[in-house]
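Heads up: the structure comes next, in structure tokens.
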Amino acid sequence: MTETSMTYIQFLLDERRREDSDRDLLTLLHSVATACKAVSNSLKNGALADVLGSLETENIQGETQKKLDVIANDIFLRRCEFSGVLAAMVSEEMDEIYDIPSQFPKGRYVLLFDPLDGSSNIDINVSVGSIFSVLRLPGIPDEITYETVLRPGVEQVAAGYALYGPSTMLVLSTGNGVHGFTLDGSIGEFRLTHRNIVMPENAAEFAINASRANWWEPPVQKYVADCVAGEHGPRGRYFNMRWIASMVAEVHRILLRGGVFLYPIDEENCASGGKLRLLYEANPMAFLVEQAGGAGSTGRARILEVAPVSPHQRVPVILGSTNEVDLIDRLHVEYDLKTVGIIA
Ligand code: P6P
């Protein structure tokens with residue numbers, strides 16, 4: 001079998017044989033891939049399918065819901081609740097934890113997902129994605145409580161995303177590296193195209209919403225200013241900037257060619273803890289980035305070690321090439337030590 005002829009399910013079967021991963025995990029990851037294919041299909045006809053535009057409703061984030069936010073969420077629920085291996089689901093688009101309907105067998109996995117991330121880009125036909133995180137419980141719980149799902153990111157057993165771009169890709173890690181699959185429309189299957197993605201240690205690009213510069217903390221302002229100063233500045237080299245307003249697209253670029261993505265805490269978002277959500281954005285992306293040899297930080301802590309306190313909790317996110325994330329963390333430490341007077 002040639003490399004790219006291996007389908008996603010064949011890869012999972014092969015990995016299970018090699019890693020003896022749980023059969024139920026394979027079932028769940030297959031259901032997630034099916035959901036991603038269905039979302040891709042919903043997106044591809046755009047304005048022709050009368051699925052663009054917004055609804056009158058808002059999600060718990062206080063964000064106006066796009067028609068496709070709700071469509072994608074329903075697709076994930078229908079395609080995954082049926083799998084018989086889930087105890088519960090958590091979605092950006094649902095206020096409360098989703099209990100698996102009684103007509104379906106339950107299992108010991110929890111699926112946490114953002115069904116359509118970057119959906120503000122849909123109406124302008126720019127790449128969007130789905131992000132998912134998987135937890136494995138010790139057993140099938142008698143009841144689902146917040147404690148069931150509020151687990152730190154280090155406990156994830158799998159994470160991934162689908163990127164709905166010029167091609168539809170699914171990028172996955174089950175803890176044994178990061179692997180990319182491209183949707184082959186002729187057979188309706190994801191095929192292995194990027195085995196064992198390893199992120200370059202150094203970055204030539206940074207991604208941040210520069211319109212928020214006046215709100216940033218001094219360590220972030222210094223980091224960005226030093227990148228912008230280029231070859232005559234402290235970094236001694238040129239940096240390029242990217243901002244797609246679609247985290248999945250940014251992370252995919254960084255996984256493949258290095259870089260750093262920042263959505264830091266700032267004066268405007270500090271009351272809510274940041275912009276991006278811990279359980280179904282920061283944790284899965286940090287899991288993938290670390291599996292690819294990168295790092296994921298809040299600026300003051302490893303993202304995967306943050307102890308969740310609520311399902312839709314937000315955190316600062318700095319992730320990408322290890323050397324850049326480490327530098328940004330050091331700038332935060334220096335700033336904090338000066339603030340409390342430990343160093344001058
Ligand atoms: P801003 C999309 O809404 C998202 O959650 C991420 O995908 C993206 O990186 C960020 O927010 C964009 O934020 O400030 O550009 O609207």
Side-chain angles (χ1 to χ4, degrees), residues 36 39 43 52-55 57-70 72-73 76 90-94 112-133 159-165 169 171 205-217 220-221 224 241-255 259-289 294 296-299 303 311-320 325 328:
C36 294
V39 171
L43 287 166
L52 301 185
S54 302
L55 301 169
T57 53
E58 281 189 354
N59 62 19
I60 189 171
Q61 327 292 342
E63 296 163 343
T64 302
Q65 286 182 303
K66 297 286 189 183
K67 288 180 188 174
L68 278 162
D69 282 324
V70 175
N73 190 63
F76 267 80
V90 173
S91 167
E92 179 189 72
E93 297 304 328
M94 297 187 298
L112 309 96
F113 59 94
D114 181 354
L116 205 58
D117 182 70
S119 56
S120 61
N121 282 328
I122 288 172
D123 295 349
I124 55 167
N125 200 29
V126 168
S127 298
V128 292
S130 301
I131 309 173
F132 60 90
S133 166
Y161 59 77
L163 175 58
Y164 310 110
M169 283 194 69
V171 174
E205 294 170 322
F206 64 94
I208 192 166
N209 180 344
S211 71
R212 306 179 68 90
N214 291 333
W215 291 323
W216 297 335
E217 291 186 285
V220 173
Q221 289 178 333
V224 172
M241 195 203 94
R242 289 284 182 270
W243 192 248
I244 308 172
S246 176
M247 186 185 195
V248 173
E250 312 276 9
V251 171
H252 190 68
R253 181 192 63 247
I254 290 166
L255 281 175
V260 63
F261 170 90
L262 302 92
Y263 215 112
I265 200 158
D266 63 34
E267 202 176 309
E268 187 272 339
N269 67 31
C270 59
S272 52
K275 156 91 176 189
L276 302 177
R277 277 65 58 156
L278 175 62
L279 293 187
Y280 41 77
E281 289 176 330
N283 270 345
M285 290 312 205
F287 184 85
L288 288 165
V289 163
S297 168
T298 66
I303 287 173
H312 302 289
Q313 170 180 345
R314 298 170 189 260
V315 289
V317 174
I318 297 161
L319 51 77
V325 175
I328 297 166

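Numbering of ligands and ligand atoms starts at 1, following listing order.
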Note to self: Is it the case that the side chains of N283 and S133 hold a donor-acceptor pair, with the cut-off being a distance below 3.5 Å and no angle test?
What the structure shows: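 N283 and S133 do not have a side-chain donor-acceptor pair below 3.5 Å.
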Item checked: Protein contact of atom 15 (O) of ligand 1 - nearest heavy atom, named by residue and atom, plus distance ->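 The closest heavy atom on the protein side is W243 NE1, 2.9 Å.
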Checklist line | For atom 10 (C) of ligand 1, closest protein heavy-atom neighbour | finding: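 Ranked first by proximity to atom 10 (C) of ligand 1 is K275 CE, 4.0 Å.
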What are the atoms of ligand 1, with element, lying closer than 4.0 Å to any heavy atom of [X]?
X: R277; result: 5 (O)
X: Y263; result: 1 (P), 13 (O), 14 (O)
X: F261; result: 9 (O)
X: N209; result: 1 (P), 14 (O), 15 (O)
X: E281; result: 5 (O)

Notebook entry, point to check: Are the charged groups of E250 and R242 less than 4.0 angstrom apart, N to O?
Noted result: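 Looking at E250 and R242, the cut-off is not met.
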Next item on the list: Determine, for E205 against R253, whether the closest basic-nitrogen to carboxylate-oxygen distance falls under 4.0 angstrom.
Entry: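 A salt bridge is present here (some side-chain N lies under 4.0 Å from a carboxylate O).
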Is it the side chain (CB and beyond), the backbone, both or neither of [X] that lies under 4.0 Å from ligand 1, heavy atoms counted?
X: I244; result: neither
X: R212; result: neither
X: E250; result: neither
X: E92; result: neither

Check: Given D117, I131, L262, V128, which has its nearest heavy atom closest to atom 5 (O) of ligand 1?
Finding: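 Among D117, I131, L262, V128, the closest heavy atom to atom 5 (O) of ligand 1 comes from D117.
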Next item on the list: Keeping the roles fixed (side chain from R314, backbone from K275), state whether a donor-acceptor pair exists under 3.5 Å.
Entry: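 Looks like yes, one N/O pair under 3.5 Å.
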Next item on the list: Output yes when a side-chain donor or acceptor of E92 lies under 3.5 Å from a complementary backbone atom of P115, and no otherwise.
Entry: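 No; zero donor-acceptor contacts below 3.5 Å.
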Margin query: Determine whether the aromatic ring centres of residues W243 and F261 are separated by less than 6.0 angstrom.
Written below: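 That pair passes the under 6.0 Å test.
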Note to self: Taking the ring centre of each residue, are Y280 and F113 less than 6.0 Å apart?
What the structure shows: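 Not close enough - the centres of the two rings lie 6.0 Å or further apart.
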Margin query: If you define the side chain from C-beta out and look only at heavy atoms, does anything of M285 sit under 4.5 Å from L319?
Written below: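 Yes, at least one pair of side-chain atoms sits under 4.5 Å.
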Next item on the list: Please say whether more than 12 non-hydrogen atoms of neighbouring residues, nucleotides or ligands are located less than 6.0 Å from CG in D123.
Entry: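 Counting neighbours around CG of D123, more than 12 heavy atoms of other residues, nucleotides or ligands fall under 6.0 Å, so yes.
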Note to self: Against ligand 1, does S246 come closer than 4.0 Å with any heavy atom?
What the structure shows: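 Per 4.0 Å heavy-atom rule, S246 contacts ligand 1.
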Checklist line | Min N/O separation M247 to ligand 1 under 3.5 Å | finding: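 Looking only at distances, the answer is yes, because the N/O contact criterion of under 3.5 Å is met.
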